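Here's the structure, in structure tokens; my notes come after.
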Amino acid sequence: MKIKKYIIGILGVLFFMALSCNDESINNPELSDADLKVYFWGEGDNVTGIAWEGYDVLIGETLDLKLQVSPKEDTSVKWVDDETGEVLSENLKFTYAPTQEESRRVNFIATRLSGYEKKVVFNFRGNLDGFTSKINEWQSVLIPQGTQTGTFSVEFDMIPSKDNMDGIVGVLDGVATTYSNNSCIVRLNPSGKIDAYNDTGYAFSNELEYHAGLTYHVKMDIDAVNMSYDIYANQQGGEIVEIGKDFKFRRKITHLDYWSMVAGDFNLSDPGTHRVLNMQITTLTENQAPIFIPVDDVVLAEGVTLNIDIEAVDPLGENIVLEASNLPRFATFIDRGFGKGTITFSPYNNCGGCDVGLYDIEITGANSVELSKLNFTLEVLDPNAGFDILVDLADATLWDNGNFDPGYHEVVLGHTGAGEGGDGHVAGVLPFALPEVPTGKKIKSAILKLNITHNSVWFPVEYDIYGISSRTTPDILASDFFAGPYDTDPSATAIQKAFLTHTTVVGNDVEMDNVSGIELASFMNSQYVNGASAGEFVFIRINPNRIDMPTWAQLNFQSGQGTLVPVLTVVLENE
């Protein structure tokens, strides 16, 4: 019985609760008109802030909006043009589809039966893609691909607002404030034609008229290195017209990083503007690194100071910053600007060989984007130790017609009769650069070494050595050649008789004897006394005595063009 009574009691409570739920006057108080809210459809956020910030819509595209109001019952809605008062829609949906550039304010108004209303202001903007020129007010747009320093293509569309106006699109370095800032300029000419700037004024190679509201596609192929460009244009869908070929930059600059545009005031009452859109840049070649003028490896004795000029050239004309790294303690480098610098080597003197050794020298040249490196070696020698000087490439032989043969890989000596080259292969002349000699030093010995490749003869023959005085270049002169008996040439100094003979073995490195090495050293020292400087050239001649050769004789050795070139080993000593 108790269970039954308990169940009946629960049912009674549930029945009472159900009656209470049907009585709205008890639990759901009425909303006042001031509680009216406007929301985006399906969203809980209030729309007021977003609506005021506004919407940008491209011409030709549409924006659909749908709102909700609470409470919905007894609430009417409408969309009203703020400027004209025109009712555009009387439901929660609204579509904005601009057909021209505009800024438009539309008010959404929700109204209760009592007349209480809630207004939300929507700001709409109709835009074309791209930019609209402004009258006498420059606009500059950074090229997103970065600074262009090689060859590249510029493409864009432009739409004039009237038939005869004055509007330009330019490419330049930096922000434009005037026409002369621009390197490349395409113009909607006030005459109604499209032209471009060429060096000192506007011109066109072929005529292309433009008209209001039509779209014209323009392409400029730009060569920043040579500061020139080609210009093509067409009414979209029409034939491409070459406006200009190899037109020269207005502003002569080799790095371009901005677009620009402006409309001039050709007609003050209605100057007109133009739209610029679909702007594209295609980079074809990147910035080029600086190019160093090569520097030969350096051999230097302790106690000698040597200055070496460094120079780098930028193909695009940019400024170059030079920097030396890991220099030895006795070296300094000065960047003198404009891609030029000087490195000075001053290895210590009489320090027991403290600076003797081989050093890797590296100079870096950098423009705004790229860098290059110059590498060479410096060898510091004990001033009393021997060091080698290689023959210059300008050595030569003399043919029977009196012409030189500097490209022949083997110097030919002797009398060859009517066979190989006639009888004109009579002498070899070898240029060697004078070395830097420290103050208080002189050359003690200079030993010449050759590599013999051929030796054939019917009669005994001797080949003698002479020294020819220094000149500033290694060029060989006709007066350098001689074929007479030893020590009978008044224009040269006899060094060694019979340095080579018909018995000299082929293939061996043949060296001058010590006595002759001292004689050659004496000759070289005399050049300094007579005013010669390090880097100038002395000439060592090897020639036969023609009186020894009643028939033919031939001896060949590798020249400066060969693989085992003649070498002069120099040893210094205190004066």
Side-chain angles (χ1 to χ4, degrees), residues 20-135 137 139-142 144 156-159 161 213 215 259 261 263 273-280:
S20 298
C21 289
N22 289 330
D23 188 358
E24 288 188 5
S25 64
I26 297 175
N27 292 312
N28 292 326
E30 274 188 42
L31 292 172
S32 68
D33 289 340
D35 292 323
L36 179 62
K37 303 291 184 185
V38 179
Y39 301 97
F40 285 113
W41 183 264
E43 299 180 16
D45 294 333
N46 192 293
V47 73
T48 304
I50 299 174
W52 180 259
E53 182 179 343
Y55 295 87
D56 291 281
V57 180
L58 294 177
I59 295 172
E61 297 184 1
T62 59
L63 172 69
D64 293 317
L65 294 176
K66 185 176 182 182
L67 304 180
Q68 62 182 7
V69 295
S70 178
K72 181 178 180 180
E73 187 177 352
D74 296 328
T75 302
S76 61
V77 299
K78 59 183 177 180
W79 299 78
V80 180
D81 187 285
D82 183 74
E83 182 178 0
T84 65
E86 178 186 358
V87 176
L88 305 175
S89 172
E90 292 185 299
N91 58 52
L92 293 169
K93 296 179 180 180
F94 180 72
T95 297
Y96 177 60
T99 58
Q100 62 183 6
E101 286 187 273
E102 63 179 4
S103 294
R104 188 176 188 187
R105 181 173 292 178
V106 177
N107 301 318
F108 175 80
I109 302 172
T111 307
R112 298 289 292 162
L113 287 176
S114 64
Y116 177 84
E117 69 178 27
K118 179 80 171 182
K119 182 170 73 171
V120 178
V121 180
F122 284 82
N123 285 303
F124 296 104
R125 292 173 292 273
N127 292 323
L128 279 169
D129 189 17
F131 303 88
T132 299
S133 63
K134 300 176 182 179
I135 308 300
E137 183 178 339
Q139 298 179 75
S140 299
V141 182
L142 185 67
F156 56 90
D157 293 328
M158 58 183 184
I159 305 172
S161 66
T215 300
W259 307 79
M261 65 197 72
T273 60
H274 61 305
R275 290 292 301 174
V276 181
L277 60 158
N278 299 327
M279 303 162 76
Q280 298 180 358

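Note that the numbering runs from 1 along the sequence shown for the chain. A quick note: this is a predicted structure, and the numbers were derived from the prediction, not measured.
Atom NE2 of H274 and atom OG of S161 lie 9.5 Å apart (nearest 0.5 Å). For the atom pair OG1 (T215) and CG (L277), the distance works out to 7.0 Å, reported to the nearest 0.5 Å. For the atom pair CG of L92 and CD of Q68, the computed distance is 8.5 Å after rounding to the nearest 0.5 Å. One finds the NZ atom of K66 at 9.0 Å from the CG atom of N91 (value rounded to the nearest 0.5 Å). Rounded to the nearest 0.5 Å, atoms CD (E73) and CG (L113) are 9.0 Å apart. Atom CG of D82 is separated from atom CG of N123 by 9.0 Å, given to the nearest 0.5 angstrom.
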Apply ring pair (Phe, Tyr, Trp, His ring centres under 6.0 Å) to residues F122 and W79 and explain how you reach the verdict. CA-CA 10 Å; F122 284 82; W79 299 78; 5.2 Å; yes
Verdict with reasoning, F156 to V276, per side-chain contact (heavy atoms from CB on, under 4.5 Å): CA-CA 7 Å; F156 56 90; V276 181; 4.2 Å; yes
For V121 and R105, run side-chain contact (heavy atoms from CB on, under 4.5 Å): C-alpha distance rounded to whole Å, both residues' side-chain angles, the deciding distance at 0.1 Å, then the answer. CA-CA 7 Å; V121 180; R105 181 173 292 178; 3.4 Å; yes
Test log, rule side-chain contact (heavy atoms from CB on, under 4.5 Å), inputs T95 and L63: CA-CA 6 Å; T95 297; L63 172 69; over 6 Å; no
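Taking both residues in full, the closest heavy atoms of A110 and L36 are given as O-CD2, 3.6 Å, listed atom of the first, atom of the second, then distance. Minimum interatomic distance between V47 and F40 (heavy atoms only, all atoms of both residues): CG2-CZ, 2.8 Å. Scanning both residues, V120 and A51, for their nearest heavy atoms gives CG1-CB, 3.7 Å. Contact record, P98 with G126: CB-CA, 3.7 Å, taken as the closest heavy-atom pair.
Put simply, the side chain of V80 reaches to within 4.5 Å of the side chain of I109, judged on heavy atoms. In this structure, V38 and T48 have side chains that are not in contact, with every pair of non-hydrogen atoms separated by 4.5 Å or more. Counting heavy atoms from C-beta outward, V106 and L88 have side chains that approach closer than 4.5 Å. Side-chain contact between S133 and M158 is absent, with no heavy-atom pair separated by less than 4.5 Å. At least one side-chain heavy atom of W259 sits under 4.5 Å from a side-chain heavy atom of M279. In this structure the side chain of V69 reaches within 4.5 angstrom of the side chain of F108, judged on heavy atoms. Taking the side chain as every heavy atom from C-beta outward, D81 and R104 approach each other to under 4.5 Å. Side-chain contact between Y96 and T62 is absent, with no heavy atoms from C-beta onward closer than 4.5 Å.
Under a 3.5 Å cut-off, the side chain of D33 and the backbone N or O of Y116 do not form any donor-acceptor pair. No donor-acceptor pair under 3.5 Å is formed between the side chain of T111 and the backbone N or O of E117.
Here K93 does not pair with D64 in a salt bridge; the nearest charged N to carboxylate O distance is not below 4.0 Å.
Under the 30°/60° scheme for interplanar angles, the aromatic rings of Y55 and F124 are found to lie parallel.
No side-chain donor from either of R125 and S103 sits under 3.5 Å from a side-chain acceptor of the other.
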